[in-house]
Amino acid sequence: MKTLRLFMCITVLSMVFGVTSTFASREHPGIYINNDKLDIYANVSSLGTTLVPMRPIFEKYGMSIEWDNVTKTVTATKEGTVIKLTHNSHDGVINGEKVALTQVPTLEPSNNIFYVNLRFVSEALGAGVQWNKTNDDASIYISFPE
């Protein structure tokens with residue numbers, strides 16, 4: 001009886017801790033741009049949207065950045081593409097045209113980091129976005145055409 005109880009406890013604990021570590025890595029997937037791993041924090045929201053800090057991702061994409069602290073709006077520009085995103089707004093703007101966002105950009109007040117939708121920004125610049133999920137890991141591969 002003691003052996004069976006011990007076996008069940010070990011089984012339950014391994015299931016709980018196994019699921020927790022898998023879930024944690026899917027919440028914070030690795031980001032690869034043209035197969036180069038990016039050292040950036042990514043977070044998957046409850047809506048399934050991957051959010052990343054705006055400054056490192058825009059800089060990695062070679063974009064110039066302007067921040068308007070009054071309106072909490074970022075404007076990022078590269079080779080004729082202009083992206084504007086405003087804190088807590090469901091409207092993004094690409095080259096002057098309004099686009100509905102599935103997830104609002106968010107300014108984290110504790111550290112003043114502005115988080116943006118990785119897929120939205122990447123696809124606005126013409127990149128492909130591909131998820132690679134396994135049982136215990138998740139990665140996002142962004143590929144720009146040559």
Q: Could you go through Phe144 and Asn34, starting from their C-alpha distance and side-chain angles, then the distance that decides it, and tell me whether this counts as side chain to side chain contact (heavy atoms under 4.5 Å, CB included)?
A: CA-CA 7 Å; Phe144 284 93; Asn34 291 337; 3.9 Å; yes
Q: Is it the case that over 12 heavy atoms from other parts of the model lie below 6.0 angstrom from the CG atom of Asn111?
A: yes
Q: Hey, is the main chain of Val82 close enough, under 3.5 Å, to the side chain of Asn95 for a donor-acceptor pair?
A: yes
Q: Between Lys72 and Phe114, does the side chain to side chain contact (heavy atoms under 4.5 Å, CB included) criterion hold? Intermediate values first, please.
A: CA-CA 9 Å; Lys72 306 297 188 231; Phe114 191 61; 5.5 Å; no
Q: Give a yes or no on whether Asn35 atom CG has more than 12 heavy-atom contacts from other residues, nucleotides or ligands under 6.0 Å away.
A: no
Q: Is it true that atom NZ of Lys78 has more than 12 heavy atoms of other residues, nucleotides or ligands lying nearer than 6.0 Å?
A: yes
Q: Take Leu118 and Ile140 through the test side chain to side chain contact (heavy atoms under 4.5 Å, CB included) and record every step on the way to the result.
A: CA-CA 10 Å; Leu118 179 63; Ile140 301 172; 4.2 Å; yes
Q: Verify the ring-centre separation between Tyr141 and Trp131: is it less than 6.0 angstrom?
A: no
Q: Set out, in order, the CA-CA distance, both residues' side-chain angles and the distance that settles side chain to side chain contact (heavy atoms under 4.5 Å, CB included) for Arg55 and Ile65, then state yes or no.
A: CA-CA 8 Å; Arg55 186 164 299 280; Ile65 305 165; 3.9 Å; yes
Q: So does Val99 get a backbone contact from the side chain of Asp91, meaning a donor-acceptor N/O pair under 3.5 Å?
A: no
Q: His87 side chain to Thr106 main-chain N or O, any donor-acceptor pair under 3.5 Å?
A: no
Q: Taking the side chain as everything from C-beta on, heavy atoms only, tell me whether Phe120 gets closer than 4.5 Å to Thr49.
A: no
Q: Should Val104 and Ser89 count as side-chain neighbours, where that means a heavy-atom distance under 4.5 Å?
A: no
Q: Side chains of Asp36 and Leu38, heavy atoms from C-beta outward: is any pair under 4.5 Å?
A: no
Q: Within the structure provided, determine whether Leu51 and Gln103 are in side-chain contact (heavy-atom separation under 4.5 Å).
A: yes
Q: Just by distance, no angles: are the side chains of Tyr61 and Ser122 close enough, under 3.5 Å, to form a donor-acceptor pair?
A: yes
